[in-house]
Amino acid sequence: MEIDDVDPTSPEVMLTFYRRLYPFKSIFHWLNQDANPTRRFTQREFAFTLPGDIYLRYQSFNSAEDLKKQVCQLNPSRFEIGPVYSARPRDKKTLRPGVLVPIQRELVFDIDMTDYDPVRTCCSGAGICKRCWGFIAAAVHVLDGAIRDNFGYQNLLWVYSGRRGIHLWISDSEALSLTDDHRKALVEFVSMNLGGETGNKRLNIRSKNVPPSIRHAADMLNQKFPDLVLADQECFDGENGSETLLSMLPPDIVSSLRKDWTANPYKSSEDKWEDLKLKAKADKSSVLLRALQDIVLLYTYPRIDAEVSKHRNHLLKAPFCVHPKTGRVCVPVNPDQVEEFDPDTVPTVGQLLKELDAIPKDENSPYEHHADWEKTSLKPYVDLLNQHALRLMEQTKGAKREDDLSW
Amino acid sequence: MHRARERRNVSKGDYNVSKDNDGASTYPHRLNFYDRPPMSDVTVEEFETSALDRLRVLTEIESSAARNRTWDETKRVIDSLCKKHLPLGPNPPNLKDEQWIRDTERRKDHLSHFVLRLAFCRSEDLRRRFVKAETTLFRIRYETDLVDDRYQFLDSRQLDRTVASEEEKKEYKEDLISLHFSGPEDNTTKELWFKAARFYKVRWTRVPDLVERRSILLKGGWAYVPENAQASIIYDEFETRLVKALEVTNRALPRLDEDTRLLPILENLSKGFVAGVSSEVYDPSNQSNGDIKAEMVDELARQHFPLCMRTLHENLRRDSHLKHFGRLNYGLFLKVLGLSIEEAVVFWRKAFNKMTDDKFNKEHKYNIRHSYGLEGKRANYPAKSCVQLLTCAPSEPGCPYRQYSPENLSSALLQYYSGQGLTSADLPEILGTVKGGHCHVACTRVFEITHGKRVKRGEGMGEGESVTHPNQYAAKSIEMS
Ligand SMILES: [Zn+2]
């Protein structure tokens, strides 16, 4: 395809992208939560990845324009966003040691498809397709719901990572101020130790009863499991599939099932699961029922990269950066439509530049480079971020009004 | 604030165990939130010794975390260390009898806490570590408190918490029961239990440990904490108050600089904490006396010396020479180990085998005699402690765990200790501990590994204590052989 001929890593391509398409203003409003620059922006760390694996940390800027200027000058292959510090990060060298400490940071999550390699059958490693995106979609549903329901946070921004995963940025003011200890507690609360391999996996959640938060997630995942794991991924098809499934079941029922499934080698994953459900109904002790519930969670519960979330000063790639391998832009994702999201249809930088070329030049317009994204397929995604940022700015205004009244 | 008072309180005079006018004790509870500074007079010596005792406990709490001790192990180790250095008993059944013992203990606990506040309020990092260690200590004491004492203490506190309304209870009934009810599965018992159950509603950030264990109900960021889990609220309250108090103290501190007696003490205390070792835990004065011969040193070094001294020894053998600070540190170490002055002269004469007699006698003999207190000021110089080795200039031979690159440290450890059971499989743990800044814990771990037949993991120098002095390491090792 012609579109993909553009090398996303070429400096010219990236420079044009930054100059004409990257929504600096929206990013500013989202991080700053206010129309005028506050320390949420001016004391925020940015880090640039430059050609030759140079990693430039502790950059900070006074305004969106400042940031844009520097990005266009350095032309990084990507840049990352860090915490708000107690002073300007760029003054680091002149500050007394210990003065520059992180004080605020969006609570972030990272879910990566590679962690699903033990359970997905369609792709592996760097690969991703519409089918295995189903795992990500299930994870987004569970995590988005758990954060809102349990922790009461409202300002969640989901962003496609450009290749095979998704990031979540939470901007509620309590979330911004969480200490590392808080972050660790929250991550432990929402994550489960699912391990890398499926064989003989026992989930560590049954000390007593299943905690309510996990039970709510399980209810949701029980709905998705048949389509995703059984019908689409066919995780338990064939002899290997049978053995994988058997290894997770109570030992006393394994041999009769193995005999039955070996005699019917073409039995589908769905039919095998039906066998198990029938058996579970007959079993009064509900041992099997609990085992089946564990399997559902093991296959579909969000696999979170906990280390990313636990530390305030972890840097995470900024939304709308370009993935250097795929050329795809890291666009926001509406969690209510995450199931329909198709990573293959996300605009690439090459495609966007072609769209720009096709715009008829208005010779009289002095604003050639201003908000060109409006005229490209990037628009719906920038709109998504803008709506999100606008909501945050409204809340800031509301909080200010409340402060005024309290005088 | 309390600064002015504290200055007045630190006087040379004796003190009386404090009583209010009505004769009631100032310390009705074993547990203390340290809201108010100590009011009684204190000697400078008491100021220092009480703080040093508390510091031993706090540094061991830090070590426990670095050694990945379980909570029960930590509790056991700290509890026994507290009994030795910072005892704090329960209320005696007959108040009159033993109250004065309790008051003395509680007064020391109170005073030492406030001295360390002064020492550790000055940097963000020290404050954070102090708060963590103190909160852990409070938690250990809370858990070991007698139930009655604990209730009395709780009743004395006005804790900031609201009780969940009946409507909320009803709304979340199913979840609350499934989380917290552990009795028999019949409905009447369940209903009775639920009716009587009381839940405190606090922001989830105040009970992170309960959140982390998923042991409470969370709704919209509110945690519903059952009465029996309210300890978490107490710990949070303790921690939050201490964080604030330390910031206030830090801002008020400059005024303390006028008192020249206290400043060096505080400096010394925080230095020890920075290094992760309390300053003077090991008392090398109870050394063995002069029964080590010069020719025994090689063998002793191979079997019993910590890495810092082993390195100096090997360098001495390799180069037939050591630079000034190396000679000084190693010489004092050998002196305390039990090498007499006569043997020391023999040892060093043989060691510097490329040197002429004349040069040795002129340049080195005097220094050796000097270090034994036989020349010059005739002072009895002590051997360097771990704190000193950890905080010395990078150009001086200090603690190798701090000074070496991971690669050099790995190869040194394997070279010197593989004969005593250390293998490359042990290295990741040791390097990880060093990376976390806990050099003395890494050294203690090496001691455990190389004495694996007699010392179990976590036992350290005995009862879980960490290495604080190279001579302690060597003496313990020799004692066990
Ligand atoms: Zn796929």
Side-chain angles (χ1 to χ4, degrees), chain A residues 85-87 95-103 107 145-155 170 172-193 203-219 286 301 306 309-310 312, chain B residues 65 120-129 131-132 135-136 139 168 171-183 185 190 199 201-226 229 232 235-236 239-240 243 247 250 270 274:
Chain A
Y85 280 87
S86 50
L95 292 167
R96 270 192 301 131
V99 169
L100 193 70
V101 289
I103 48 175
L107 173 63
I147 296 282
R148 289 175 201 270
D149 179 45
N150 295 305
F151 294 94
Y153 298 141
Q154 303 293 334
N155 302 295
I170 304 171
D172 294 66
S173 66
E174 184 184 84
L176 279 170
S177 305
L178 295 177
T179 64
D180 284 0
D181 284 345
H182 285 139
R183 284 167 208 254
K184 176 164 174 279
L186 186 147
V187 171
E188 297 292 332
F189 184 91
V190 296
S191 58
M192 238 188 275
N193 180 18
L203 292 181
N204 197 16
I205 51 167
R206 298 208 178 277
S207 51
K208 214 172 103 196
N209 296 315
V210 186
S213 57
I214 303 292
R215 208 175 52 237
H216 295 314
D219 290 345
S286 73
Y301 195 84
S309 310
K310 283 180 183 171
R312 251 184 309 205
Chain B
F120 299 142
C121 67
R122 277 181 264 190
S123 84
E124 160 90 22
D125 181 53
L126 279 175
R127 287 199 293 269
R128 186 182 51 76
R129 288 170 53 186
V131 166
K132 201 152 195 163
T135 309
T136 309
R139 205 175 140 187
E168 285 171 302
E171 189 179 350
Y172 305 131
K173 182 173 175 181
E174 195 193 330
D175 287 345
L176 290 171
I177 287 179
S178 88
L179 271 168
H180 303 298
F181 177 71
S182 53
E185 279 296 307
K190 221 182 252 180
F199 297 92
K201 187 179 163 185
V202 296
R203 208 58 209 162
W204 78 267
T205 46
R206 294 194 50 199
V207 286
D209 54 328
L210 298 180
V211 172
E212 185 163 339
R213 281 182 270 136
R214 271 199 286 260
S215 55
I216 38 154
L217 182 68
L218 275 186
K219 283 287 168 191
W222 296 98
Y224 291 80
V225 182
S232 292
Y235 304 150
D236 169 75
E239 192 174 328
T240 313
V243 167
E247 279 160 13
N250 183 36
S270 59
V274 167

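Sequence lines set the chain letters: A, B, ... in the order given, protein chains first and strands last, and positions in each chain run from 1.
- In this structure, chain B has no heavy atom under 4.5 Å from any part of A:Ile147.
- In this structure, chain A has heavy atoms under 4.5 Å from both the backbone and the side chain of B:Thr205.
- At a 4.5 Å heavy-atom cutoff, A:Ser177 makes no contact with chain B through either its backbone or its side chain.
- Heavy atoms closer than 4.5 Å to chain A are found nowhere in B:Arg213, neither backbone nor side chain.
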Exercise. Yes or no on side-chain contact (heavy atoms from CB on, under 4.5 Å) for B:Glu174 and A:Arg215, after CA distance, side-chain angles and deciding distance?
Worked result: CA-CA 12 Å; B:Glu174 195 193 330; A:Arg215 208 175 52 237; 3.9 Å; yes

For this session: Show your reasoning for whether side-chain contact (heavy atoms from CB on, under 4.5 Å) applies to A:Glu174 and B:Arg203.
Result: CA-CA 10 Å; A:Glu174 184 184 84; B:Arg203 208 58 209 162; 2.6 Å; yes

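- In terms of heavy-atom pairs under 4.5 angstrom with chain B, the leader among A:Thr179, A:Val101, A:Leu186, A:Val99 is A:Leu186.
- Proximity to chain A involves both the backbone and the side chain of B:Asp175, based on heavy atoms less than 4.5 angstrom apart.
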Problem set entry | Intermediate values then yes/no, side-chain contact (heavy atoms from CB on, under 4.5 Å), A:Asn150 and B:Trp204 | CA-CA 9 Å; A:Asn150 295 305; B:Trp204 78 267; over 6 Å; no

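- Looking at B:Leu179 and A:Pro212, their side chains come closer than 4.5 Å, going by heavy atoms from C-beta outward.
- Between B:Lys132 and A:Asp181 there is a side-chain heavy-atom pair separated by less than 4.5 Å.
- With B:Arg214 contributing its side chain and A:Phe189 its backbone, the two residues share a donor-acceptor pair below 3.5 Å.
- Smallest separation of non-hydrogen atoms from B:Pro208 and A:Ala185: O-CB, 3.3 Å.
- Neither the backbone nor the side chain of A:Gln154 comes within less than 4.5 Å of any heavy atom of chain B.
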